[in-house]
Amino acid sequence: RAMSPSLGNDDAQPKQLAKAMYSFKTIAECPITMVTLTSSYKQLVNTSLPDFIPYIIQILQLEVPQQAEARKFAEENGQRLTSVTPAIKNRLAYGDFILGQVKAASFLAYIFIRGYSQALLKKYTEIIPDLIMRLLQDCPSELSAARKELLHATRHILTTPYRNLFISKLDLLFDERVLIGDGLTAHETLRPLAYSIVADFVHNVRNELSTDKILKTITMYCNHLQDSSLALTVQIMSAKLLLNLVERIMRLNSKAEGRQLFMLIIDAFTKRFQALNRQYPNIMKHHFDVENKRLEKEKKQKELMKSENLGHDDDISSYFFKDETKKLESVENKDADGDVEMDGDESNENKDSTVEEDSKEYDIFDIQREVPILITAPSPTDPLKDARYLFRTLLQFLKTISYGLKNFNPQPPATQDELHNQKWNDFARVFSNEEVTVLRQLFCECISGMKFFSSSQQKEQKAHQQTLENKHIYEISGPSLPV
């Protein structure tokens with residue numbers, strides 16, 4: 001409209017605020033108001049929502065001409081547009097416009113999770129995946145909060161039976177530039193949310209995935225599993241998704257493709273074990289730091305409680321005792337001139353602490369922890385506990401994955417021995433040299449990882465608990481794998 005904010009040259013705009021009827025901010029408030037009204041007055045669902053839904057779809061279908069032209073040009077060249085075109089000069093107004101569309105998408109998610117979609121969105125369900133994916137591509141990098149809200153709306157829609165409509169958009173969901181964008185804030189804060197949304201979606205539609213989609217899923221989440229910059233929960237989630245794909249892979253028609261996918265997963269687990277073992281000295285160093293801090297804190301708490309108990313026994317006598325002690329100390333610290341002598345040990349202690357800090361050894365992992373600018377604060381938890389949990393979980397998952405290898409054995413050699421043919425699939429057989437190398441390295445890394453569960457450095461009172469943990473991990477890895 002004539003009074004709407006222009007997305008062209010910002011210098012040509014009037015410096016006055018736009019009227020409410022022509023403001024993008026008003027568009028952003030309308031869906032929220034409608035959700036509040038329908039939550040309070042249920043009768044509006046049947047009377048007003050059918051008239052309101054077409055306006056929401058119309059808002060989502062709007063495109064800025066410059067952005068639409070840039071997207072068309074990129075698609076003609078076989079590329080994807082995942083940023084704002086430089087032809088849009090007024091990014092502030094464009095951000096308000098995208099925020100209004102994100103609010104409209106959140107309203108659609110509300111319709112889906114409330115179960116109103118069957119009656120209200122029946123003729124629009126086919127175009128909703130295209131609208132959501134285009135909005136993810138058009139969202140500016142500086143609107144990380146809007147992208148987060150859009151991801152939450154997408155998660156709600158993907159939990160409904162209409163999630164199968166998004167299977168054709170899986171390639172876009174696998175593209176981090178589309179899913180997360182190119183902004184630093186969005187990349188550092190939204191990755192766990194985005195990866196979990198795609199993981200839940202793949203888990204729910206895994207039976208409908210083709211072989212190439214399974215390969216892309218395994219490649220993507222194997223990389224997430226090996227990414228030490230991600231949180232431990234994200235790495236465990238990636239491993240669980242890979243484990244959930246085992247049953248689907250075992251139903252593939254091609255045994256060669258199935259074994260290749262299995263070996264990709266096993267290789268990813270092996271490399272994660274290798275990275276974990278490489279960090280062992282650093283993990284133990286920070287583990288002892290955490291333990292020392294905990295012991296010091298407990299010691300201070302005990303001393304505080306002891307002093308409080310002594311103070312309550314005889315407050316008056318302790319008061320006079322402390323007063324006399326202070327007088328004696330002041331007399332002893334005076335020199336011949338009557339001045340109080342300064343304690344020179346403090347400077348020596350500071351020098352000793354400085355020398356101790358300078359002599360402290362640093363490795364590459366310490367450098368990563370102590371960079372000048374940290375995106376996220378280091379975890380205050382004990383790194384040894386996290387390493388044990390990750391090692392134990394991956395080893396348990398690996399046991400299930402390894403048992404599936406025997407289903408992809410080639411045909412047994414021609415022989416008259418029927419017993420030999422019957423026992424052919426009891427173990428996984430006929431590996432290539434590359435596969436044998438991966439399995440050999442896996443065995444070495446698993447044996448090396450047992451040092452995380454060693455109790456030689458533990459105190460006597462913790463020996464029994466540590467022995468139980470060792471027994472648990474040995475029970476998991478004890479039975480021979482069918483390889």
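For E69, the CD atom sits in a loose shell: 12 or fewer heavy atoms of surrounding residues, nucleotides or ligands are nearer than 6.0 Å. Within 6.0 Å of atom CG in N253, 12 or fewer heavy atoms from other residues, nucleotides or ligands are found, so the atom counts as exposed in its surroundings. By the neighbour-count criterion of 12 heavy atoms within 6.0 Å, atom NZ of K169 is densely surrounded, having more than that number from other residues, nucleotides or ligands. Counting non-hydrogen atoms of neighbouring residues, nucleotides and ligands closer than 6.0 angstrom, the NZ atom of K385 reaches no more than 12 such neighbours. More than 12 heavy-atom neighbours from other residues, nucleotides or ligands sit within 6.0 angstrom of CZ on R80. At most 12 non-hydrogen atoms from other residues, nucleotides or ligands lie less than 6.0 angstrom from NZ of K148. A 6.0 Å sphere centred on NZ of K42 holds more than 12 heavy atoms belonging to other residues, nucleotides or ligands.
Side chains of R206 and H203: a donor-acceptor N/O pair is present below 3.5 angstrom, by distance only. Side-chain contact annotation: S48 with Y41, donor-acceptor N/O pair under 3.5 Å absent. At a cut-off of 3.5 Å, with distance as the only test, no side-chain donor of D182 or S83 sits close to an acceptor on the other residue.
In this structure, T381 and V290 approach most closely via the heavy-atom pair O-CG2, 4.5 Å. In terms of heavy atoms, S228 sits closest to Q235 at CA-NE2, 4.0 Å. The heavy-atom pair separating D138 from Y94 by the smallest distance is O-OH, 3.0 Å. Taking each heavy atom of P192 and V234 in turn, the nearest pair found is CB-CG2, 3.7 Å. Counting all heavy atoms, side chain and backbone alike, L190 lies closest to S144 at CD1-O, 3.8 Å.
Using bins of under 30°, 30° to 60° and over 60° for the plane-to-plane angle, the ring pair F269/F273 lands in the perpendicular bin. Note on ring orientation: taking the six-membered ring where Trp is involved, the planes of F452 and F391 are tilted (angle from 30° to 60°).
Residues I57 and L108 have side chains in contact (heavy-atom distance under 4.5 Å, counting atoms from C-beta outward). Residues L99 and F24 are not in side-chain contact: their nearest non-hydrogen atoms beyond the backbone lie 4.5 Å or more apart. Side-chain contact check for N164 versus I167: some heavy-atom pair is nearer than 4.5 Å. The side-chain heavy atoms of Y110 and H156, taken from C-beta on, include no pair separated by under 4.5 Å. Between L81 and F73 the shortest side-chain heavy-atom distance does not fall below 4.5 Å. Looking at T219 and F174, their side chains never come closer than 4.5 Å, going by heavy atoms from C-beta outward. The shortest side-chain heavy-atom distance between T159 and N204 does not fall under the 4.5 Å cut-off. Residues F97 and V64 form a side-chain contact, since some pair of their non-hydrogen atoms from C-beta on lies under 4.5 Å apart.
Under 4.0 Å is where a charged nitrogen must lie from a carboxylate oxygen, and between E291 and R294 at least one such pair does. Taking a cutoff of 4.0 Å between a charged side-chain nitrogen and a carboxylate oxygen, D130 and R134 do not qualify as a salt bridge. With salt bridges taken as basic N to acidic carboxylate O contacts below 4.0 Å, one links R191 and D227. Classification of E29 and K25 as a salt-bridged pair fails, no side-chain N sitting under 4.0 Å from a carboxylate O. With respect to E445 and K271, no salt bridge is recorded, no charged nitrogen being found less than 4.0 Å from a carboxylate O. Using a 4.0 Å cut-off between charged side-chain N and carboxylate O, R251 and E247 make a salt bridge.
In this structure, Q101 contributes its side chain and L131 its backbone to no donor-acceptor pair below 3.5 Å. The closest donor-acceptor contact from the side chain of N77 to the backbone of Q79 lies at 3.5 Å or more, if one exists at all. With hydrogens and angles ignored, the 3.5 Å screen pairs a side-chain donor or acceptor of T38 with a backbone N or O of V35. A distance-only check finds no donor-acceptor pair linking the side chain of R248 to the backbone of E208 [under 3.5 Å]. Checking side-chain atoms of T47 against main-chain N and O of Q43 turns up a donor-acceptor pair under 3.5 Å. Using a distance-only test at 3.5 Å, with no hydrogens or angles considered, no donor-acceptor pair links the side chain of D267 to the main chain of M263. Counting only distance, with no hydrogens or angles, the side chain of E149 and the backbone of A145 share no donor-acceptor pair below 3.5 Å. At least one donor-acceptor pair under 3.5 Å links the side chain of S196 to the backbone N or O of L193.
Taking CG from L394 and CZ from R272, the interatomic distance works out to 7.5 Å, rounded to the nearest 0.5 Å.
A side chain to side chain contact (heavy atoms under 4.5 Å, CB included) with K103 holds for exactly one of I32, I56, I98; it is I32.
Aromatic pair F52/F107: ring centres closer than 6.0 Å.
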